Amino acid sequence: MYLHLEHRLAQRVLECLQRRYPGAVLPNVVIEQPPKVELGDFAIPIFPFAKPLRSAPLKIAEAIRGEIGEIEGIAEMQVAPPGYLNVRIDRGWMASALAADAKPPAEIPHGKILVEHSSINPNKAAHIGHLRNAILGDTFVRLLRYAERTVDVQNYIDNTGVQVADVVVGFTHIEKKSRAEIETLARQPRFDYYCWDLYARVSQWYEADKQNRQVRLQTLHAIEDASTETAAIADLISVAVLRRHLETMDRLDIEYDFLPRESEILHLHFWDAAFVKLKESGVLTFETDGKNKGCWVMRRAGTAKITEDTDGTEEDRITEEDQKVIVRSNGTVGYVGKDIAYHMWKFGLLGRDFGYRKFYHYPNGHDCWISTANGEKDHPHFGDVAEIYNVIDARQSEAQNTVIEALRGLGHAEAADHYTHFSYEMVALTPRCAAELGYNLSDEDKTRSYIEVSGRKGFGVKADDLLDQLIVSAKKEVDSRHPQLTDSERQEIATQIAIGALRFFMLKYTKQSVIAFDFKEALSFEGETGPYAQYAVVRATSIFRKAGVDPDTFCKDAAGRVSAADQSNYLNGESGNEFWELWLASSKTSYVIDKCIATTEPAHLAKHVFQLAQLFNTFYHRHPILSEPDDKRKRFLLATVAVVRRELIRCLAVMGIAVPPVM
RNA sequence: GGGCGCGUAGCUCAAACGGAUAGAGCAUCGGAUUUCUAAUCCGAGGGUUGCAGGUUCGAUUCCUGCCGCGCCUACCA
């Protein structure tokens, strides 16, 4: 509602100015939020208009106020020095619309969006870094779906790289296991944990004797030929670990629609198709001398020299430093090349497609598909989208930009413009946390604020372990608070709290901030945490339960229970401000979600949820509701609780957080 | 060397597009009518927003230079 009103206001202000100053070149109308409710609900800085309109800000503000006329939902405007136009919402009007859950018509851009996230190498268990990726990605998907966009969720699987090869080496050369033995192991509940340890051992094995690395190379090549026994083992391992990843993510309510695999990009020759186009368009150039002699290279992203002089049109040579090798001198293609081909497929520009088969069936009935060389006849249509978001950590930004530049060079500027690298910083460990995990710290490490995790060393916190710990910790709390419930009920509640804590934790930091992971903070259920917000909802629910009223029907029928006059009476005036703050915050769901999408920053939503829960808790403490003697006032307070509760549940759902019945 | 990012309270972090008195949580200290469950609430202390300039009505935000930190920068994937 708030968002809708803001758009309407901006539009009317613009029209008003155009009417009064015809022909003037106007800057954008920026609408902000005043620092305090007393000042109003929207603030329009008029300073930017002073120069182009050759008039004092206060004068312009006064003119707008006088001439803009009635706007539905707006109560009044005030000119505030040194140059703001402060706008007050018609509180009664907003409250009615909000209680009725009115959905103003909104323009929804058409075209499918592809969000790709997780992309965990299928050779070991998922760790906390992967959790951040998946939670950010999944939340972004939920944000887009809340905004009624159509979204496909993909999880790219690199099943042919060195990482899988390393684990294969571990099984075949260190443990000397047969395919049958590996198959048996792969059926064990936490096969990914087994691989986690083995992977670390393989790294040590390579360190111990350089000759062992030869084995890695041989294995890597064997994997690429699908007919070999090694390839079969690699496939069985990567598929088993992949299943484990899907199970882990499903615990957090994270699902995928499609799993494209590198093996198919290879076997279906995506690269060949892309290579032809890249050569034709001149994106790739062949080096005839220098260190990259015999390679096909392209300009590294971000190094482009701007050749402004018109006479220097001769193909500006890329200096060796700025060259990114795409095809090696032996004719094989590197991963950036494969990535370019893959992204051409995403935008429907490649002219080839995967085969598809059903791979994973979620308990809720949803199917997840996987790429294959020869697929099933009937399958959903993936790829060919209008917009893509790749959730990949910041370390990959150069590679991502190179892919974007390749698309641009191929003449697909529009695709390049709709390619977003959803970049985020890594999750590291605090020195204390590393020490707790039994890692020997150097003196230098001890002084650092964080230490990077390393899958290769087996150094990190596994996703399932963290979740298990959170559940145990929450369960202890629930056990002591609700001994009357059955154990399975308590387990269910503890799980919801654990997921709430984890997802909130990963979302409250802005993307570019490195999370220095610490058990104490991650396991906290107090303060700015998921359980804090869940608890606010539980309290709201509990009021209605005791009152014997259903909150949702009460809300929908609020007009019949609280008269418009009462509504407006309680919300206005000085005493109304504290109630109005709650209603106003509740009206901002779409506004905040819109902002999260525009800035690709889900942290804003976590912040908003916390603020709303905080406002509610203060309100809860100050105003006893069930014992309120004035019936009209009681109904108004109940309506307030109902609306806040509904919006909190809604926002938490977008964050992938469910609310338990009691806590 | 080049590219990207960061530096805000004791600690961990907010502050979209430059805006009104820079906000939270944690930690510390002091409190909350035995009530709709205290996983809560109220209060206190705590800041030269790394340093120095510049741009303008206004800078944590933009520009330049320094200082410090991180990541990227392979014919690995």
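To find a chain, count down the sequence lines: A is the first, B the second, and so on, and within it residues start at 1. In this text, all values refer to a predicted model and were calculated from it rather than measured experimentally.
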Checklist entry - Is it true that Phe47(A) and Tyr84(A) have ring centroids separated by less than 6.0 Å? => result yes
Next on the checklist: I want to know whether Phe504(A) and Tyr532(A) have ring centres closer than 6.0 Å.
Outcome noted: no
Checklist outcome for this item: Of His621(A) and Asp393(A), the one whose nearest nucleotide on RNA chain B sits closer to the 5' end is His621(A)
Next on the checklist: Closest-nucleotide mapping onto RNA chain B: is Ser524(A) or Leu85(A) further toward the 5' terminus? I mean the 5' end.
Outcome noted: Leu85(A)
Taking [atom1] from [X] and [atom2] from [N], how many angstroms apart are they, rounded to a whole number?
X: Phe517(A); N: C11(B); atom1: CZ; atom2: C1'; answer: 17 Å
X: Lys520(A); N: U12(B); atom1: NZ; atom2: P; answer: 12 Å
X: Glu628(A); N: C36(B); atom1: CD; atom2: P; answer: 14 Å
X: Gln396(A); N: C72(B); atom1: CD; atom2: C1'; answer: 10 Å
X: Gln484(A); N: U37(B); atom1: CD; atom2: C1'; answer: 11 Å
X: Ile44(A); N: G19(B); atom1: CD1; atom2: C1'; answer: 14 Å
X: Gln33(A); N: G19(B); atom1: CD; atom2: P; answer: 13 Å
X: Tyr620(A); N: C36(B); atom1: OH; atom2: P; answer: 8 Å

Look at all strands and tell whether [X] reaches a base, only sugar-phosphate, or nothing, counting heavy atoms closer than 4.0 Å.
X: Phe47(A); value: base
X: Asn86(A); value: base
X: Glu601(A); value: nothing
X: Val514(A); value: sugar-phosphate
X: Glu32(A); value: base
X: Ala43(A); value: base
X: Ile497(A); value: base
X: Phe619(A); value: nothing
X: His608(A); value: nothing
X: Gln614(A); value: sugar-phosphate
X: Ser329(A); value: base
X: His421(A); value: nothing
X: Lys293(A); value: base
X: Glu477(A); value: base

Picking from [options], which would you name as closest to the side chain of [X]?
X: Thr618(A); options: C41(B), U73(B), G19(B); value: C41(B)
X: Cys295(A); options: A20(B), U73(B), C75(B); value: C75(B)
X: Tyr335(A); options: A77(B), C36(B), C17(B); value: A77(B)
X: Val478(A); options: A39(B), A77(B), C36(B); value: A39(B)
X: Pro48(A); options: C72(B), C26(B), G19(B); value: G19(B)
X: Val30(A); options: C17(B), G19(B), A16(B); value: C17(B)
X: Tyr535(A); options: U40(B), A16(B), A20(B); value: U40(B)
X: Asn617(A); options: A24(B), C71(B), U40(B); value: U40(B)
X: Ser542(A); options: C36(B), C41(B), U12(B); value: C36(B)
X: Tyr84(A); options: G19(B), A38(B), C41(B); value: G19(B)

Under-4.0 Å side-chain N/O to phosphate OP1/OP2 contact, [X] with [N]:
X: Tyr532(A); N: C41(B); value: yes
X: Arg481(A); N: A38(B); value: no
X: His604(A); N: A15(B); value: yes
X: Arg300(A); N: G3(B); value: no
X: Arg328(A); N: C76(B); value: yes

Checklist entry - When you check the gap from the basic side-chain N to the acidic O, do Lys508(A) and Glu528(A) get nearer than 4.0 Å? => result no
Next on the checklist: Any carboxylate oxygen within less than 4.0 angstrom of a Lys/Arg side-chain nitrogen, looking at Arg490(A) and Asp479(A)?
Outcome noted: yes
[atom1] atoms of [N] and [M], separation to the nearest Å:
N: A59(B); M: C13(B); atom1: P; result: 28 Å
N: C26(B); M: C41(B); atom1: P; result: 8 Å
N: A15(B); M: G47(B); atom1: C1'; result: 15 Å

In Watson-Crick or G-U wobble terms, both distances under 3.5 Å, what is the partner of [N]?
N: C13(B); answer: G23(B)
N: A32(B); answer: U40(B)
N: C66(B); answer: G50(B)
N: U56(B); answer: none

Cut-off 3.5 Å, side chains only: do [X] and [Y] have a donor facing an acceptor?
X: Lys588(A); Y: Gln611(A); result: no
X: Glu287(A); Y: Gln323(A); result: yes
X: Arg300(A); Y: Thr402(A); result: no

Checklist entry - Checking only heavy atoms, does the side chain of His623(A) share a donor-acceptor pair with the base of U35(B) at less than 3.5 Å? => result no
Checklist entry - Under 3.5 Å, side chain of Thr600(A) to main-chain N/O of Ile597(A), donor-acceptor pair present? => result no
Item to check | Straight-line distance of Ile44(A) CD1 to Ile64(A) CD1, nearest 0.5 Å | outcome: 6.5 Å
Checklist outcome for this item: Thr529(A) and Ser524(A) have their tightest heavy-atom pair at CG2-O, 3.5 Å
